[in-house]
Number of protein chains: 2
Amino acid sequence: MDTVTIKDIARALNLSTSTVSRALRGSYEINPETKRLVMEYAERLNYRPNPIALSLKENRSRAIGVIVPQIANYYFSQAINGIEAIAYNRGYHVIIFQTHESYEREVANMQQAVSRRVDGLLISMSSETSDVTHLKELQKQGMPIVLFDRVSAEMESTTQIVADNFGGAFAATSHLIQTGRRRIAHLTIPPYLSITQERLAGYRAALEQYGIPYDENLVRYGTFGPDEAGAMVDDLMALSPRPDAFFTASDRLALGCLAALQQRNLAIPEEVSLIGFTNTNVAELLSPAMSTVVQPAQEIGQMAAERLIELIERKLKASPADVVRIPTKMVVRASSTRSPTLP
Amino acid sequence: MDTVTIKDIARALNLSTSTVSRALRGSYEINPETKRLVMEYAERLNYRPNPIALSLKENRSRAIGVIVPQIANYYFSQAINGIEAIAYNRGYHVIIFQTHESYEREVANMQQAVSRRVDGLLISMSSETSDVTHLKELQKQGMPIVLFDRVSAEMESTTQIVADNFGGAFAATSHLIQTGRRRIAHLTIPPYLSITQERLAGYRAALEQYGIPYDENLVRYGTFGPDEAGAMVDDLMALSPRPDAFFTASDRLALGCLAALQQRNLAIPEEVSLIGFTNTNVAELLSPAMSTVVQPAQEIGQMAAERLIELIERKLKASPADVVRIPTKMVVRASSTRSPTLP
DNA sequence: TTGTAGGCGTTATCAT
DNA sequence: ATGATAACGCCTACAA
């Protein structure tokens, strides 16, 4: 790749590099005629300033690092999508690191990012990470950091962007109640995760608001493994009175629950209502069959990037306990014909 | 972020920057004692060379640009995963650009990447792109380029990495035939795409090999829209004799076909066999229910990155018509119980 | 209005 | 074995 530099232009036009530099940046103290000449010539040669030289000079890379468990995942790829949209607009590029859910790799990635001289870091913690001293340490050294989705309560003075899990669960449960449901089962993910707890709290709050007693028999916890929903549904449908609605907490559970109900030839939503937390893509696939609460992955990414760039450019410290909750969106199934089909 | 430079070390140790530099790189012509001192001090201060300064000096960014239609997509996020794995190993970082299937944005992204001084470019063309002069032009100017997945026959002297669609379709169809099927329907995507044609050719070649006549009534073309498979299945099952197997060409069609067959209470694979091209993630979800031909997205990404880095570092031109086909993997459904369920 | 010089961090070349 | 200098591309304080 040939590359035109200011020097080339200066030589060709018999000017000094400083004059060219000033002309290019439209400095007021330059002869309009010279300016025109330089501009034209630069245009003709398709001159582009070398961002690397600029970085060196300005001591910043115009790059932000993004550390996520994995890219090949609906949720994170959408979040990254949101991050990129904002970052590119503001003139930053994005360097992605994957932890593959390993604490060790998270630490290594962090150091990599530092070596690469990123201007700031967007982090979604690995599931293995419980000790956050590496993050605190780095932040103390002046690195702007924003956490998103997988956050930590221990990072008191860090901006954190999460989905409004409580609100989403509250809305979903309320919707089921308002459409006449009273025995609402909740299939969810492991209880030790904060998102699980928040969603459960939203579910309980809605029940309480409508005076429906909380029944812990109706709540089932899964892992992230496959093929769990079938057994849970079996189990729950054996109760008496049996549930008249299911509220699921993940894509997998939603699909599994849907399949299990269909297999039993239960009409949705006539006999059993169904609503679940899902990613946008899956929500789209499921929308003819069931209602969904869509995780705002992209919006979380955008907000995180915005906040980070603010931190970088204004060089402000995050205000303590600055936790932003992005609302979820409920998509109520449009059709309500009997015997719904998959996509 | 405080940052330790060679200068800091030199000052502290009362040496010149050149000595420090040499010591750090382990030059033989340096006093072992000095070397030790420098190394230790650098270690203690956690010195890391500034990659930006190096880039400026070496006139390369150690970054490769990746231009894809979108990140938030199973296929491309996996491909990127493969790309990153290789790139990071070789000391490159990856800058991602999205075209959102727009030709205009593809061109703009290309220029962006050039401005960013990427050392090479990995491109999966937008669906809108038919004119490839922008790519040819850039390549002629010396930019190393490798195309993957969405490639173009017009780029004669460019390395291109694609899935072995023919082979995958051939294997899938052969498998159906070997398990006793004779009336094999093929639900596929728009006919003008090269991947569609390749898969159809593989399907036909397998039929031919086993002496089964090709029946164009058994082939149905969809768009990428939702809810198409149901009608296709209806239509096909009304034929007489009706199909005894389905071979689908996308995730969507596979899911739709599966749902439609289940709804008709047709046992898979006893009454009707089913196999489809899918992404890994979806294949995993579907595996209890049907067989799949898995698209090698990640491997394609890896191979593309390997080839690109080779081009960058050896500075070789691609040999003409260098098209690499990555094999697909057939996953035959393990269980064959009646009435299969979704995930 | 334009030019000169120095510096961002690093390494290669040429002294010493 | 070590140091001084220049260069990568750009910008800016200072000079003219």
Side-chain angles (χ1 to χ4, degrees), chain A residues 1-43 45-63 91 114-119 142, chain B residues 1-43 45-63 91 114-119 142:
Chain A
M1 292 289 314
D2 60 320
T3 299
V4 186
T5 74
I6 276 189
K7 233 185 204 167
D8 298 325
I9 301 178
R11 203 178 313 122
L13 265 42
N14 237 311
L15 290 168
S16 74
T17 58
S18 22
T19 306
V20 175
S21 172
R22 280 187 279 244
L24 253 15
R25 341 202 66 241
S27 167
Y28 62 96
E29 50 176 3
I30 223 86
N31 186 316
E33 177 59 9
T34 314
K35 203 184 276 188
R36 199 184 53 73
L37 270 171
V38 171
M39 290 297 211
E40 267 177 15
Y41 192 76
E43 174 72 18
L45 264 62
N46 197 24
Y47 167 80
R48 293 278 176 280
N50 184 332
I52 296 168
L54 282 176
S55 285
L56 183 59
K57 180 136 208 19
E58 298 174 1
N59 194 28
R60 60 170 179 166
S61 59
R62 287 200 164 278
V114 172
S115 303
R116 291 252 184 232
R117 301 295 199 268
V118 297
D119 293 338
Chain B
M1 293 288 313
D2 60 319
T3 300
V4 187
T5 74
I6 277 190
K7 237 184 199 167
D8 299 325
I9 301 178
R11 201 177 315 120
L13 265 43
N14 239 312
L15 290 167
S16 74
T17 57
S18 2
T19 307
V20 174
S21 174
R22 278 186 281 241
L24 253 15
R25 343 201 64 241
S27 167
Y28 63 96
E29 48 175 3
I30 222 86
N31 187 316
E33 178 58 11
T34 314
K35 204 182 278 189
R36 199 183 53 72
L37 269 172
V38 171
M39 291 296 213
E40 266 176 16
Y41 193 76
E43 174 71 18
L45 264 63
N46 197 24
Y47 166 81
R48 293 279 175 279
N50 184 333
I52 295 167
L54 282 176
S55 285
L56 183 60
K57 185 135 205 20
E58 298 173 2
N59 194 29
R60 61 168 177 168
S61 58
R62 286 200 164 278
V114 172
S115 304
R116 291 250 184 235
R117 302 297 199 269
V118 298
D119 292 339

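Lettering of chains follows the sequences in order, A, B, ..., and the numbering in each one begins at 1. Values below: every heavy atom of this structure, side chains too, minus hydrogens, waters and symmetry copies.
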Original post:
What heavy-atom pair brings A:L15 and A:V20 nearest, and what distance separates the two atoms?
Top reply: CB-CG2, 4.2 Å
**OP:** Check the distance between C:dG7's C1' and A:N59's CG and give it to me in whole angstrom.
**Re:** 12 Å
Original post:
Given side chains that start at C-beta, do those of B:T34 and B:T19 come closer than 4.5 Å, heavy atoms only?
Top reply: yes
Original post:
Could you run down nucleotides 11-16 of chain C 5' to 3' and tag each one B, S or - for protein heavy-atom contact under 4.0 Å?
Top reply: BBBB--
Subject >> Donor-acceptor pair, side chain of B:S115 and main chain of A:R48, under 3.5 angstrom >> reply: no
Original post:
Who pairs with B:K7 by side chain to side chain contact (heavy atoms under 4.5 Å, CB included), at least two apart in sequence or on another chain?
Top reply: B:T5, B:R11, B:T17
Original post:
What is the 5' to 3' range of DNA chain D, first to last nucleotide, that sits under 4.0 Å from any heavy atom of chain B?
Top reply: D:dA1 to D:dG9
Original post:
Can you name the closest pair of heavy atoms from A:D119 and A:S61 and give their distance?
Top reply: OD1-N, 2.9 Å
Original post:
Taking the side chain as C-beta and beyond, is there a heavy-atom pair between B:Y47 and B:D8 under 4.5 Å?
Top reply: no
**OP:** If a pair satisfies side-chain hydrogen bond (donor to acceptor under 3.5 Å, both in side chains) and one of its residues is in residues 20-31 of chain A, list it, with sequence neighbours excluded.
**Re:** none
**OP:** Search all heavy atoms of B:P51 against all heavy atoms of A:R116 and return the closest pair with its distance.
**Re:** CG-CA, 3.9 Å
**OP:** Rounding to 10 degrees, work out the angle separating the end axes of the helix from C:dT1-D:dA16 to C:dT16-D:dA1 (five pairs an end).
**Re:** 60°
Original post:
Quick one: salt bridge (Lys or Arg N to Asp or Glu O under 4.0 Å) partners of A:R117, sequence neighbours excluded?
Top reply: none
Original post:
Contact class for B:T34 vs. all strands (heavy atom < 4.0 Å): base, sugar-phosphate, or nothing?
Top reply: sugar-phosphate
**OP:** Determine the contact category for B:N14: base if any of its heavy atoms lies under 4.0 Å from a base atom, sugar-phosphate if only primed atoms, P, OP1 or OP2 are that close, otherwise nothing.
**Re:** sugar-phosphate
Original post:
Does the A:S55 side chain pair with the main chain of B:I52, one donor and one acceptor, at a distance under 3.5 Å?
Top reply: no
Original post:
Quick check: are there more than 12 heavy atoms from other residues, nucleotides or ligands sitting under 6.0 Å from CD of A:E33?
Top reply: yes
Original post:
Considering heavy-atom distances to DNA chain D, does A:L56 or B:S16 have its closest nucleotide positioned more toward the 5' end?
Top reply: B:S16
Original post:
At under 4.0 Å between heavy atoms, what does A:I52 touch on the DNA or RNA strands: base, sugar-phosphate, or nothing?
Top reply: nothing
